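Here the structure is laid out as structure tokens; the discussion comes afterwards.
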Amino acid sequence: MKNNSSTKKYVYFFGAGKADGNESMKNLLGGKGANLAEMAGHPKLQLPVPPGFTISTDVCTYYYEHQQSYPEKLPLLVTNALKSVEKMMGKKFGDTHNPLLLSVRSGARRSMPGMMDTVLDIGLNDDTIQGLIRQSGNEHFAYDAYRRLVMMYADVVMEKAAGIEPKNGKGIRKLLDEKLASVKQAQGYSSDTELTVPELKTLVKEFKAIVKKVLGTPFPDDPYQQLWGSIGGVFGSWNGKRAIDYRRIEKIPNEWGTAVNVQAMVFGNLGNDSATGVAFTRNPGTGENKFYGEYLVNAQGEDVVAGTRTPAPINAYSKNSQSDQLETLEKLMPKIYKELNTIQHKLETHYKDMQDIEFTIEKGKLYMLQCRVGKRNGVAAVRMATDMFSEGLIDATTAILRVAPNQLVELLLPMLDPAVEMATKPIAKGLPAGPGGAKGRVVFSSAEAVEWAAKGEKVILVREETSPDDIDGMHKSQAILTSKGGMTSHAALVARGWGKCCIVGCSDIEINQETKSFTTKDNAIVKEGDLISLNGTKGLVYQIDMPLVATDLNKNKSYKKLMHLVDQIKLMGVRANAETPKDAAQALSFGAEGIGLFRTEHMFYGEASEQPLFLLRKMIMSKTATERTNALNELFVYVKKDIKDTMEVMKGLPVTIRLLDPPLNEFVPHDTEKLRRLSKELNIPLALLQRRVLALEENNPMLGHRGVRVGISHPDITEMQVRAIFEASAEIIKSGKKAFPEIMVPVTCSVNELIHQKEIVDRVYGEVCAKMKMKNIPYLYGTMIEIPRAALLADKMAQSADFFSFGTNDLTQMSFGFSRDDIGGFLPNYLSQKILAEDPFQTIDQEAVGELIQLGTDRGRKTKKQLKVGICGEHGGDPASVKFCHRIGMNYVSCSPFRVPIARLAAAQAAVEFGKINK
Ligand code: ADP
Ligand code: MG
Ligand code: MG
């Protein structure tokens, strides 16, 4: 449908109670344009929005498909829309008596804070400014607007969109900023507003001269050239480096394109009865249902976000340690505050979600410049969702969809050890912009953050303020600390979106870029590479390496409420992978409904593993049947106890116990001391033992003698384990408690393997029942499906299995032919070159591995209708994979205990999105 460009509308008007577009048209108008239309035109809102029009994303698509040119009829459409704006404002663009000024703003489907560019005050030149001065009676304001225009236009249009690489990395904005700073410093001013009219006039002249010298072309005086230059600049910024970086991190498709909003300017910098601000309908840091925001008197939009002046709180609730002396908007302009408060309430009720709003007050009149669904951290997301549900604003399913499963990770975020923190004096205090605790080595630039992180260092990025250029380094840092900026600054906004620990506006520290260090007000010096710790919940900085501890999720009331809703809605079970009583208890407290993977071999690693490992080695190295039986009998005691302890904690919930899985050679001792002890115990000469070690070596152990293959060559190993499982269960049941083991055979590829092992299971089962004098012990017998052959032959496998558990790690490895342990060498390339869209070890490759899983499930159930199907492995905690498992009708997923809440939420979301699956 490329050639219907002549029938497309392209330009959408909004203003004065009317709008061509509305909120549902985000794909076409971008988020900003669609919401401006909604605020202006929706009958229930009719908010004071300065009039303007949106040039649609279709034009952006056209622009990139046609060598950066526009549809033929666009100029006429723009001229007509501009005429309507002029009429409404009673001003004319480019007029020397009563000039209309414009803003040109970008806006993609999804908000990309600060990523793309805006140009304000378009239409000013040495002639039109005379009209503006006469109209406003405020020469200071007019020149202030003029110098802003020159700076923004030079930066966005003449440098970035033109693709000019700044010399020495110093862009034109930086150069002009330095010029401005030098004038302020020479006069001893602390704020831009102190500049006098003559100083501003000179500044504009000097700005223009710098622009011409550095960029080679003069700043355009023609208002229409400024307008079209800015429109092109916004379209161009869609493919700027920052925007591309941001899209990569946030996974926003490059094809979406941006819209351009052209809007009449309103001025917050017309004096002390004017202001500009940013606010949230609820606190985005905690989720509390309180109107929260910041504003600046006599300032233009950018100033609040840029963090150049400390913004004041809009109301008492929004005060913080930096701003508690400043006058609130509520006090300063009570009538306007009341109006704003009514509007914010209207907006939240209308959108049924927390809104992030921008407003400007021009000479005592309030204007709304933007609204959008506000970013929030995980803690706030959970609170808002459950509060809004309790308030009756949203229903249960909406509440569940409001929290991204991965946001729950933030509720589990470690915090600084409270005991150590209590005993330590902070070296600085700033604003708590991103909760949780973090520690790391100090770096002072985004580039260094990236570099150090690549070397495996944990870093904290320390800056005066951050800008969209820092996005990569911010992403790679454990936390962000800025000396300037408020709670709505760039750093705060971005950290909130990512749920990262962040402190902003920490004026206690002074950064010296040259010596790469910062000094606190008590003269503590912190240099690059020094370890510091941050408490992002309180805004405190410590000059020590403080331990981090886990938080207690179950004390969070909103979390409990959310999970209550989750359990009412989700249909699929969630289990945990756990092998110790401690992990099992942890899993239960996170809501696990069983254990989906108990790895028997865990007892041979780590804590208290020495003796069992020794016995295992003894068993492996033994040659005669008697040697082997003796070793197995000794080992049996440990295995039984290990299984019993964890099963007891699970109180009769299913526990899937996997028989020994790793290649035996993983357990073979190589150091001579250990071999010597073995040689004594087994009464075998050392040299012979060493020969046996050699004989066990394999070229490719992952595909070697492991899993069920060991059980086939050495049935007595299977027998010992199965006996341990049944005896443990029998003892638990005899003591009046419940036990429900599921015996799982790993690495199978043929039903004959299962039949072979089942004979052992049946025999041992009979023996244990007789020994324990029990009629029966409940259990299931099943297998892991992790070899593609097993998936394809699932109908046969199901003849000898009550359940399947897809081992998606190995299944992925064997489907792709990617060695899990060696992907580091090539996978990053595959991802950056988009040969693969995602890492298949993190999220199930639904195309192929997913098809094997689906086909395996379906074929298995054809043989056995009641076949229980689940997955275990890392994918069980990945929200997208969990949703996939729901969709194909699995009974459960199993993941590590800490991912259980995430999987539960994802499962509930899947139930909302896909409904009940008929198996
Ligand atoms: P972003 O997408 O980064 O929020 P915006 O397009 O919202 O960028 O604009 C940047 C700043 O300019 C904001 O603070 C906004 O309020 C201000 N601004 C945009 N349009 C106007 C206008 N018509 N009048 C006054 N200020 C404006
Ligand atoms: Mg904005
Ligand atoms: Mg495996």
Side-chain angles (χ1 to χ4, degrees), residues 14-15 29-36 39-40 48-55 82 85 88-89 91 93 100-124 141 144-145 148-149 151-153 155-156 227 230-231 233-234 237-238 240 242-243 246 258-270 274-280 293-296 298-309 311 355-363 365-375 466-468 471 486 488-490 493-494 497:
F14 58 82
L29 305 180
K32 200 178 288 165
N35 285 329
L36 282 168
M39 285 198 291
V49 175
F53 52 91
T54 304
I55 304 173
L82 188 54
V85 177
M88 243 168 230
M89 296 296 288
K91 300 177 183 180
F93 187 61
L100 171 71
L101 301 193
L102 297 172
S103 79
V104 168
R105 323 167 62 185
S106 62
R109 251 189 240 191
R110 243 171 60 200
S111 114
M112 299 165 56
M115 281 308 123
M116 290 184 303
D117 292 300
T118 298
V119 183
L120 303 179
D121 306 316
I122 294 165
L124 275 179
F141 147 75
D144 184 55
R148 288 172 194 265
L149 170 65
M151 182 187 286
M152 281 188 252
Y153 192 87
D155 172 45
V156 176
L227 175 61
S230 303
I231 293 171
V234 170
S237 70
W238 176 256
R242 306 187 278 170
Y246 189 85
T258 181
V260 175
N261 301 289
V262 179
Q263 189 180 31
M265 282 297 299
V266 290
F267 303 103
N269 50 342
L270 263 173
S274 302
T276 184
V278 177
F280 302 88
E294 297 177 330
Y295 79 108
L296 276 173
N298 198 10
Q300 207 167 52
E302 307 268 79
D303 300 353
V304 180
V305 189
T308 39
R309 273 160 67 190
Q355 296 294 301
D356 167 347
I357 59 188
E358 286 175 11
F359 61 92
T360 282
I361 300 158
E362 177 180 317
K363 289 192 158 294
K365 173 151 176 39
L366 176 66
Y367 292 95
M368 301 308 296
L369 290 177
Q370 191 173 333
C371 79
R372 62 179 170 215
V373 170
K375 285 198 193 294
T466 62
S467 80
I471 218 78
T488 52
S489 66
H490 178 262
L493 211 72
V494 172

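On a predicted model such as this, the values are computed, not experimentally measured, just so you know. Start at 1 and go down the list; that is how both ligands and their atoms are numbered.
- Taking each of A108, S106, S103 in turn, the one with a heavy atom nearest to atom 20 (N) of ligand 1 proves to be S103.
- Residue K32 touches ligand 1 through its side chain alone, judged by heavy-atom distances below 4.0 Å.
- Side chain of T276 to backbone of F359: a donor-acceptor contact under 3.5 angstrom is found.
- By the criterion of a heavy-atom distance under 4.0 Å, the backbone of A264, and not its side chain, is placed next to ligand 1.
- At a 4.0 Å heavy-atom cut-off, ligand 1 touches L120 through the side chain alone.
- Contact check for L82 versus F53: side-chain heavy atoms found under the 4.5 Å cut-off.
- Residue-ligand proximity, Q370 to ligand 1, at heavy-atom distances under 4.0 Å covers atoms 4 (O), 7 (O).
- For E358, the N, O or S atom with the smallest separation from the Mg ion (ligand 2) is OE2.
- When non-hydrogen atoms are compared, ligand 1 lies under 4.0 Å from the backbone of M265 as well as from its side chain.
- For I122 against F93, the heavy-atom pair with the smallest separation is O-CE1, 3.6 Å.
- In terms of polar-atom proximity, defined here as any N/O pair under 3.5 Å, T360 makes no such contact with ligand 1.
- Salt-bridge annotation for K32 and E358: absent, with no side-chain N of the basic residue lying under 4.0 Å from a carboxylate O of the acidic one.
- The closest side-chain donor-acceptor pair between N269 and D144 falls under 3.5 angstrom.
- Inter-residue side-chain proximity for I361 and Y367 is flagged as unmet; no heavy-atom pair is nearer than 4.5 Å.
- No side-chain donor-acceptor contact under 3.5 Å links Q355 and N35.
- Contact annotation: for V266 versus ligand 1, heavy atoms closer than 4.0 Å belong to both the backbone and the side chain.
- If you check each of R148, Q263, R105 against atom 19 (C) of ligand 1, the one with the closest non-hydrogen atom is R105.
- The Mg ion (ligand 2) has an N, O or S atom of Q370 closer than 2.8 Å.
- Of the charged side-chain nitrogens involved, at least one lies within less than 4.0 Å of a carboxylate oxygen, so that D356 and R372 count as a salt-bridged pair.
- Between D117 and S237, the side chains place no donor N or O within less than 3.5 Å of an acceptor N or O (distance only, hydrogens not considered).
- Proximity to E358 (heavy-atom distance under 4.0 Å) selects the following atoms of ligand 1: 4 (O), 7 (O), 13 (C), 14 (O), 15 (C), 16 (O).
- Neither the backbone nor the side chain of P50 comes within contact range of ligand 1; no heavy atom lies under 4.0 Å.
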